[in-house]
Amino acid sequence: MTERQLPWGKLLIRLSHDLKADQLEEAWIYVRSHLPRSNTEVKSSWLKLFSALEDAGVIDQDNTDYLKEVLEAVGSPVNIQDVDAYNKEYEEYVARIKLLRGQHDPCFIGRELEINTGLNFLGNDDDKIKCLFIHGMTGLGKTKLAQQICAFYGTDCGLDATGMRLVRLNKVTSTLVMGVKILRELDMQISIENYDEDLLFETLCTRKQHTVILLDNADDILCPDSQSADNFKNQLSALLDVQNRWVKFIVTSRYPINFPAMTGKDSFRAISVQPLDELDSIKLLRKASRPSNQVSSLERGAKRSLDDQYAKELAIMCGNCPKMLRAVASRLRNGISPPHILEALSKPNKAHVALTLPVEEDEGYYSMGEDSSYERDVLPKMGQMINELTPELKEILIRLSVFPSTFSNKDVNCVLDGDDTSLAVFYLDDLKTQWGMLEEEPSYLQEEGDCKWYSMHALVRTSCLRDCYENENSKNLFHDALYKFSESMGGVLDEIAALASTNAQKGFLKLDRNQANIMHYLEIESGCTLDDHSRPLLPGKLSLPPRKSSRKDGRPRSHTFLEKFLEIKKRFVFFEGMAKLARERGDIEEAALYTAWAQDQNIDIKGFQAPIDALTPVIKELQCMNLSETGELALAQCMYVKGRSYAAKPDPDFSEGLKLLEEAKKIQLKYLGDDTVTARTMNSLGSLYFKKGDVQKALDNHLQAWKMVGQVTRGNPEQHFDSPMHIMNIGTCYYQRGNEYMDRKKEKEAKKCYEDSIAYYDRAIRIQHHLGLKKSVYLARYIRNKSLSLFELKRFDEALKEAVKALNMRQSTFDRHPDNMGLKVDVARSYYQVGMCYHRKGELAKEAGQSVDTIDDFKEAEKHYHKALKHTMELGYENRILDYEELKEDYLELTNIIRGRKQKDTLERAFTNFEVRLLDVPRFLDQQDAAGQDIGRLPSLDPESHFSGESHAKKCRLS
């Protein structure tokens, strides 16, 4: 490996080569007042002199003024120009640190080997995407190291803000959310529901701009019990095989990756970060303990008080951990003597008896998990540092520990219960500068005004939590801050939801800034981690006591925007957790409301029957009560979800569904008026009328919903995140009206309706792209519907192209979520749609005189019908697709054409057995799959062989 010199070291080496030996004595005379008299070795070489000046704090990579004085004193103006050139290069490097939303750290010491390793790896000529993986224990400076490597690499390559991207992975526990954050960082406005893994791969694989992406703090997604760790490794491993030299990843995590399929690749390199060596620890301690940018008697006095022996003992006591060393240095800088600090750190057991707690208590977000011996040594000492704070500052620090990510001085006011922003800044700066407990973050969002931004290191946060184990007062402060944080973040979520309803793109921008805090808010509110509802957010001793509802102004919050950034299973867990807490405190109305929201997600997870069964008793209970406004809205939400479930059934219960939805709409209009929730109820009414065959009433409801969205957005309905769905439904009504005209032989009117429907679908697609939602299950739906209209216009080639596009999008999404019933239904319907296009193209070829056995379109149709039927049978007859009868009719017709009557009758008996629940579906599908290896080939079916054993025996007994 080639050893490269970093800019500061390169400058000093060059100066030592250029300067003459006879100038060294002159320089020594000039600088000796800053150096110990006993240090005469510095006169032997320029490098030793420079090193001594660094140790004295007179020069360093951020402070070259005195170096230029020395060069001027020895008469070397040419070398002063070298220093100026270095300063210019160094300014570019510092600027690139800020591009990654980091603060330049003048006390970053050492790590030359790691930096060289990273730069050599990233800089080697290679055609593939690369990943530098930096891992190590908490407090060792992984993020700072990654920022240094990024900044030097960015300087070498001349990267600007578009080429240096930071993705914070705090609280990110799935590759889905990670993918969304990466795409948003690459300037694509995309939501959870519209994310597509293919879009991420396509974006990264085709990017032709030099880009380094720092995925910082991937602890939550890579921790040992993470359900997404394997998926993360597989996705990253696949990317590292892609031929694209323009994209580099740097990932930081506490946890190493043990995945030979990836770690063995040339495009992957891991750096294990260890504690600093003793000399670098002492350098850091001395540099961080000095007042910055000044040389004074006070500074020299501070240096003399920190002699070599004290510095060495403190470094060892801190485990050579940079974060601990900085905290100690802040105390030295604040006038606390080294002996006092050593005495305090030598008795850490007084700080944290909590370290002996049983493992089961050490759970939840704030835990660091299974401690290594290193962390078990460092944590108690950090706790003692916290105990050394004044009572007022310690209280503030405990309160600040509720923030899982960055926070501003304005955010802090909510947990400190104060309105004086300047006072908050005073406390925050004191904790940062004087005590080393906080780190300052850059103010990178201009829209936030004059906010100052901060973060708390995980080592400090965890130590605060452990103090709460032992100290009842600290625990009470922590709980009070959690409640205040939750109330404040609930308000922020309301603001984002309101903003997203009028301008979705601005809503996404504000969401990105607050996402980690909002995720934490959702977990606080529901009392559990959203990845595992059985796992509490906080360990037993710190669990929150029961409290009243978190309703705002007596009215429950709307949660329509959650679907834009929270995965469906996590939404279900959140709503279930909220319902459970409400039931525990005896709030039947709020429990019903959140049960309804949970079951709304369940329609896609488990199908229509589970929500109907869950909500029927809830509705009955509410109808027997004297309800408040919240209760009325809860009843409306239950009716809406149950009515939507009836609408989703293959054989909808029209009377019951319409009754429920009409009553829900009436209540929502009374209490909510023009609102996203009310518009969705109208939309569901339109869908149910559509299925009933009343196209006019369907269209009326969809138009009313669209008008309401216009009211919500103050005349800009296309800015609303639901707008493409509403427009699609209007287009679907025109499509159905075209079908009605065709049934009445009015082809001219039908053609006009089909063309109008296509215009609506195109508009929905355009808005979807405008909102940055370029690939999604919803977009696939708009494209498939457009294909249907093209099909009716007999534009079969265009229809097939759109149908295949929709199928590919749906299949890609379903492959990642194979247990999602709603997606399975969508995929089955798309396979049928593609098969139908091939079928009609084959008929045209047959009519033109082509022999049936040579028509490839028929074979493709058979292949896609087979896959549609396979998915349908796996769903079960009760959950069959809406197009089941059409699929059956077309499949039988095609089989008769290409296989003959006997095969057609055999397949028909299989359909019949499926409908009367007598078909042994797994066995049938196994036979189908075995015979389906050749495109267009069907098995020879014996319907009797597909009866399950019990059903067949029963049939024999009956006969």
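Bear in mind the structure is a predicted one, so any value in this text is a computation, not a measurement.
- A salt bridge (Lys or Arg N to Asp or Glu O under 4.0 Å) check over residues 701-720, counting only residues at least two apart or in different chains, returns the pairs Glu718-Arg763, Glu718-Arg766.
- Side-chain contact between Lys786 and Tyr782: absent, with no pair of heavy atoms (C-beta onward) separated by less than 4.5 Å.
- Atom CD in Glu749 sits 12.5 Å away from atom CD in Glu740 (nearest 0.5 Å).
- The pair Arg784-Asp883 meets the salt-bridge criterion, with a side-chain N (NZ, NE, NH1 or NH2) lying under 4.0 Å from an Asp/Glu carboxylate O.
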**Request:** Go through the steps to decide whether Asp756 and Lys752 satisfy the test side-chain contact (heavy atoms from CB on, under 4.5 Å), and finish with yes or no.
**Result:** CA-CA 6 Å; Asp756 287 344; Lys752 177 66 166 59; 2.9 Å; yes
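- The residues Glu590 and Arg585 are annotated as salt-bridged, a charged nitrogen and a carboxylate oxygen being separated by less than 4.0 angstrom.
- At a threshold of 4.0 Å, the pair Lys570-Glu567 counts as salt-bridged, since one of the basic side-chain nitrogens sits closer than that to a carboxylate oxygen.
- A donor and an acceptor atom, one from each side chain of Gln704 and Asn701, are nowhere located under 3.5 Å apart.
- Ring-plane geometry between Phe403 and Phe485 is classed as perpendicular, the angle between the planes exceeding 60 degrees on a 0 to 90 degree scale with a lower cut at 30.
- The environment of Lys649 atom NZ is dense: over 12 non-hydrogen atoms of other residues, nucleotides or ligands sit within 6.0 angstrom.
- Looking only at distances, a side-chain donor or acceptor of His520 sits under 3.5 Å from a matching main-chain atom of Val402.
- A donor-acceptor contact closer than 3.5 angstrom is absent between the side chains of Asp600 and Tyr640.
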Show me, pair by pair, the donor-acceptor contacts under 3.5 angstrom made by side chains of residues 658-669, not counting sequence neighbours?
from   : atom 1 : to     : atom 2 : distance (Å)
Glu662 : OE2    : Tyr689 : OH     : 3.3
Gln668 : OE1    : Thr681 : OG1    : 2.7
Gln668 : NE2    : Thr681 : OG1    : 3.3

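- Applying the ring pair (Phe, Tyr, Trp, His ring centres under 6.0 Å) rule to Phe791 yields the partners Phe796; only residues at least two apart in sequence or on another chain are considered.
- Within the 3.5 Å criterion, the main-chain N or O of Ala591 finds a donor-acceptor partner in the side chain of Thr595.
- Considering only residues two or more places apart in sequence or on other chains, Gln833 meets the side chain to side chain donor-acceptor pair (under 3.5 Å) condition with Ser787.
- The closest side-chain heavy-atom distance from Thr676 to Val709 is not below 4.5 Å.
- In terms of the ring pair (Phe, Tyr, Trp, His ring centres under 6.0 Å) criterion, residue partners of Tyr734 (sequence neighbours excluded) are, by chain and number, Tyr760.
- Of all heavy-atom pairs between Ile603 and Ser645, the closest is CD1-OG, 3.4 Å.
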**Prompt:** Under the side-chain hydrogen bond (donor to acceptor under 3.5 Å, both in side chains) criterion, do Arg810 and Ser830 qualify, and how do the steps go?
**Reply:** CA-CA 8 Å; Arg810 286 177 164 179; Ser830 273; 3.0 Å; yes
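- Partners of Asp613 according to the side chain to side chain contact (heavy atoms under 4.5 Å, CB included) rule, which considers only residues two or more places apart in sequence or in another chain, are Gln609.
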**side-chain contact (heavy atoms from CB on, under 4.5 Å) between Lys580 and Arg583, intermediate numbers included** = CA-CA 5 Å; Lys580 178 183 176 183; Arg583 284 192 295 270; 4.0 Å; yes
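- Heavy-atom minimum distance, Thr713 versus Pro717: OG1-N, 3.0 Å.
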**Asked** Between Asn683 and Asn729, is a side-chain hydrogen bond (donor to acceptor under 3.5 Å, both in side chains) present by the stated rule, with each step listed?
**Response** CA-CA 8 Å; Asn683 180 67; Asn729 287 330; 2.3 Å; yes
